[in-house]
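First listed ligand is number 1; within each ligand, the first listed atom is number 1.
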Amino acid sequence: MVANWKMNPVSLGEARALFSKVKRAAARLGRTEVVVCPPFVFLNALLAGRVKLGAQDAFFENFGRYTGEVSPRMLVSSGVSFVIIGHSERRALGESDDIVSKKAAAALRDGLKVILCVGERERDGEGGHFEFLKNQIKQSLFAVRGRFLGHLVIAYEPLFAIGKSASDALKPALIRETVIFIRKTLSDIYGQEAARGVSVLYGGSVEPDNARAIFLDGGVSGALVGHKSLEAQDFVKMLKSIDAV
Ligand code: PGA
């Protein structure tokens, strides 16, 4: 289960409080892996343990004249083990598939696990989203070698379902169908064996009300949770429901 805090909360105090609630709940889970992705500035102040730390982005070079960027190696030295790459909110700010692919490759080379976000903007009822997804996955992984696939997680997030409420999330049967398609695409690129090592998550309005159905029937290994990861009680509820599946 991955918590994507986005540009929240506003203070370190709030970040610490939220993180410690998640940590306490995670200590009581079975085999569910929990990753929290706070803004960069909070990473050094939060101590990874049973809960792993993830960043929300990383640059494709490790040092140099790149004002404002943060490198994979800096993240590793801050105790970070995961990084979200290619989130739709970053793509909307101009991040191309080419940049996403360079970032994913660089992060994997430096030992981070990459949560690569993909997802269509809309569905036309004629299956056009499959072609879109296939191309997006191919382009976003262009620079990534097959031997890194064991450290790759795909987060499938249809853009129209992000930031809404439980009833707006994609239905579990459609998630399942899309996850199968994503797996098939990975296996066409890298071969079946390598593709098997990739976990696929769903993201887009996962809330306590739909989490269980998505975990049971969506064919996913977990979820990337945005707004409901900022509400400790709700996030903990979802952790318990995935751990029980
Ligand atoms: P949401 O965000 O859970 O608020 O829909 C998911 C995401 O953007 O990763």
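- In this structure a side-chain-to-backbone donor-acceptor pair under 3.5 Å is missing from E95 to V100.
- Contacts with ligand 1 closer than 4.0 Å are made by heavy atoms of both the backbone and the side chain of I162.
- In terms of protein heavy-atom proximity, atom 3 (O) of ligand 1 is nearest to G226 N, 2.8 Å.
- Between the side chain of R121 and the backbone N or O of L159 there is no donor-acceptor pair closer than 3.5 Å.
- For ligand 1, the atoms closer than 4.0 angstrom to any heavy atom of G204 are 5 (O).
- Which parts of ligand 1 touch G163 is read off a 4.0 Å heavy-atom cut-off, strictly below it: atoms 1 (P), 4 (O), 5 (O).
- Within the 4.5 Å cutoff, no side-chain heavy atoms of E33 are placed close to those of S199.
- Interface atoms of ligand 1 facing E157, defined by a heavy-atom separation under 4.0 Å, are 6 (C), 7 (C), 8 (O), 9 (O).
- The shortest distance between side-chain heavy atoms of E69 and F60 does not fall below 4.5 Å.
- In this structure, SG in C37 is found 5.0 Å from CD1 in I115, a value given to the nearest 0.5 Å.
- Every atom of ligand 1 is numbered from 1 in the order shown, and the set under 4.0 Å from a heavy atom of N4 is 9 (O).
- Considering only non-hydrogen protein atoms, atom 1 (P) of ligand 1 sits nearest to H227 ND1, 3.5 Å.
- Classification of the W5-F19 ring pair by plane angle, with boundaries at 30° and 60°, yields perpendicular.
- If you check the side chains of D168 and S165, you find a donor sitting under 3.5 Å from an acceptor.
- Below 4.0 Å from some heavy atom of K6 lie the following atoms of ligand 1, by number and element: 2 (O), 7 (C), 8 (O).
- Set against the non-hydrogen atoms of L224, the atoms of ligand 1 under 4.0 Å away are 9 (O).
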